[in-house]
Amino acid sequence: MSGEAGSGSRPRVVIVDDQTLVRQGIRTLLTIAEIEVVGEADDGARAIEVIEEEQPDVVLLDLRMPKYDGLWALAQLAERESEVPVLVLTTFDDDTLVLDALRGGARGYLLKDVTLEQLAQAVRSLAAGGTLIAPSITDRLLRAIKSGPSPVGADAPPMRPLTERETEVLRLMAEGYTNREIAEVLFLAEGTVKNHVSTLLVKLGARDRTHAVLRALHEGLLG
């Protein structure tokens with residue numbers, strides 16, 4: 001089980017990318033942002049070893065790697081019932097690959113040309129229990145989600161209507177807000193937000209926050 005990085009602590013991160021220069025660059029940026037890099041890996045197999053050894057708060061995962069790629073690593077983490085949140089870092093040249101990663105358990109994705117502020121914010125959000133699948137994703141990926149099979153599977157129960165408040169919570173979930181941050185934005189108790197999230201998972205037939213957002217996008221609930 002991954003550690004929970006508090007608001008005043010330094011999230012612990014593992015970087016998985018087959019390009020040494022990319023890993024070095026990300027490490028430097030995260031260090032500037034006061035985020036601790038506790039391990040690196042250049043393929044999926046090594047990534048599993050490092051993740052199990054270090055138990056980081058967040059894994060930054062490239063998808064395209066020789067031999068054991070990012071999807072392989074996600075499958076292995078799912079098989080081990082790992083709770084370490086994974087953030088995909090992608091050049092975004094393959095929508096299907098990104099969507100497969102999200103369906104496979106990744107908590108979100110970022111482009112490799114993001115700013116340091118965006119990267120640090122994403123890491124801290126996932127470390128605190130958030131997700132990062134913004135409704136403002138590119139039209140290509142949104143079309144792929146809407147036209148493809150349901151992210152929660154064909155045997156998922158029918159989706160139940162959401163209240164206005166539940167839709168507000170869902171939008172903030174998609175933007176990467178944690179329960180605490182959602183509570184602050186909507187002026188609610190954190191326990192109330194947790195209850196809304198639990199209800200959303202049931203109504204959307206989703207096993208976790210990521211799949212709830214994916215199904216909402218698939219059904220056109222988030223625009």
Side-chain angles (χ1 to χ4, degrees), residues 1-17 22-41 47 50-63 70 73-74 77 82-90 92 98 101-102 105-137 168-194 196-197 200 208-214 222:
M1 183 174 179
S2 65
E4 184 172 338
S7 58
S9 64
R10 292 163 58 97
R12 302 170 67 256
V13 172
V14 165
I15 303 169
V16 184
D17 195 295
V22 171
R23 295 198 309 273
Q24 291 175 342
I26 294 173
R27 173 186 282 272
T28 299
L29 290 173
L30 293 179
T31 300
I32 292 172
E34 298 188 344
I35 293 173
E36 183 181 3
V37 177
V38 296
E40 298 181 15
V50 176
I51 291 167
E52 291 189 336
E53 179 180 346
E54 298 293 343
Q55 291 297 304
D57 297 307
V58 178
V59 175
L60 300 182
L61 179 69
D62 185 23
L63 294 179
L74 282 168
L77 290 172
S82 172
E83 296 182 15
V84 177
V86 176
L87 179 66
V88 169
L89 282 177
T90 174
F92 215 78
V98 173
L102 295 174
R107 295 270 189 95
Y109 75 92
L110 280 180
L111 302 182
K112 285 186 176 178
D113 63 355
V114 294
T115 65
L116 172 56
E117 181 181 2
Q118 290 170 324
L119 177 60
Q121 181 179 1
V123 168
R124 295 185 188 281
S125 176
L126 263 69
T131 57
L132 195 69
I133 310 175
S136 57
I137 57 177
E168 289 177 328
V169 172
L170 183 61
R171 286 187 181 278
L172 292 172
M173 282 170 52
E175 293 287 359
Y177 285 68
T178 64
N179 287 348
R180 180 179 300 177
E181 291 168 337
I182 293 173
E184 292 174 354
V185 170
L186 298 181
F187 302 101
L188 299 172
E190 188 173 351
T192 301
V193 173
K194 289 180 179 178
H196 281 312
V197 172
L200 279 167
D208 55 38
R209 295 164 72 106
T210 301
H211 285 82
V213 173
L214 285 176
L222 297 178

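Considering CD1 of Ile35 and CD1 of Ile26, their distance stands at 11.5 Å, rounded to 0.5 Å. How far CD of Glu52 is from CD of Glu54: 12.0 Å, rounded to the nearest 0.5 Å. Distance check: Lys112 NZ to Asp62 CG gives 3.5 Å after rounding to the nearest 0.5 Å. If you take CD on Glu175 and OG on Ser125, they are separated by 10.0 Å, rounding to the nearest 0.5 Å. The line from CG of Leu188 to CG of Asn179 is 11.0 Å long, rounded to the nearest 0.5 Å.
In terms of heavy atoms, Val50 sits closest to Gly39 at CG1-CA, 3.9 Å. When all heavy atoms of Leu87 and Gly108 are compared, the closest pair comes out as CD1-C, 3.5 Å. Leu200 and Leu170 get closest at one heavy-atom pair: CD1-N, 4.0 Å. Taking every heavy atom of both residues into account, Gly105 and Leu74 meet most closely at C-CD2, 4.3 Å. Considering all non-hydrogen atoms of both residues, Ala33 and Arg124 come closest at O-NH2, 2.8 Å. Val114 and Leu111 get closest at one heavy-atom pair: CG1-O, 3.0 Å.
Looking at Asp57, its side chain does come within 3.5 Å of a backbone N or O of Arg12 through a donor-acceptor pair. No donor-acceptor pair closer than 3.5 Å links the side chain of Thr178 to the backbone N or O of Gly129.
Residues passing the side chain to side chain donor-acceptor pair (under 3.5 Å) test with Glu40 are Arg23, Arg27, sequence neighbours excluded. Applying the salt bridge (charged side-chain N to carboxylate O under 4.0 Å, His left out) criterion to Lys194, with sequence neighbours excluded, gives no partner residue. With sequence neighbours excluded, no residue satisfies salt bridge (charged side-chain N to carboxylate O under 4.0 Å, His left out) with Glu34.
Between Val213 and Leu102, the closest side-chain pair of non-hydrogen atoms is not below 4.5 Å. Inter-residue side-chain proximity for Pro56 and Val13 is flagged as unmet; no heavy-atom pair is nearer than 4.5 Å. Counting only heavy atoms from C-beta outward, the side chains of Val197 and Arg209 approach each other to under 4.5 Å. At a threshold of 4.5 Å between non-hydrogen side-chain atoms, the residues Leu77 and Val84 do not count as touching. Residues Val193 and Leu172 fail the side-chain proximity criterion, which asks for heavy atoms closer than 4.5 Å.
Heavy-atom contacts from other residues, nucleotides or ligands closer than 6.0 Å to CD of Gln121 number 12 or fewer.
Between Arg107 and Asp208 there is no salt bridge, since none of the side-chain N atoms of the basic residue sits less than 4.0 Å from a carboxylate O of the acidic one.
When each of Val37, Asp17, Leu30 is tested with Leu60 by the rule side chain to side chain contact (heavy atoms under 4.5 Å, CB included), just one qualifies, namely Leu30. Residue Leu110 forms a side chain to side chain contact (heavy atoms under 4.5 Å, CB included) with just one option from Leu119, Val88, Thr90, and that option is Leu119.
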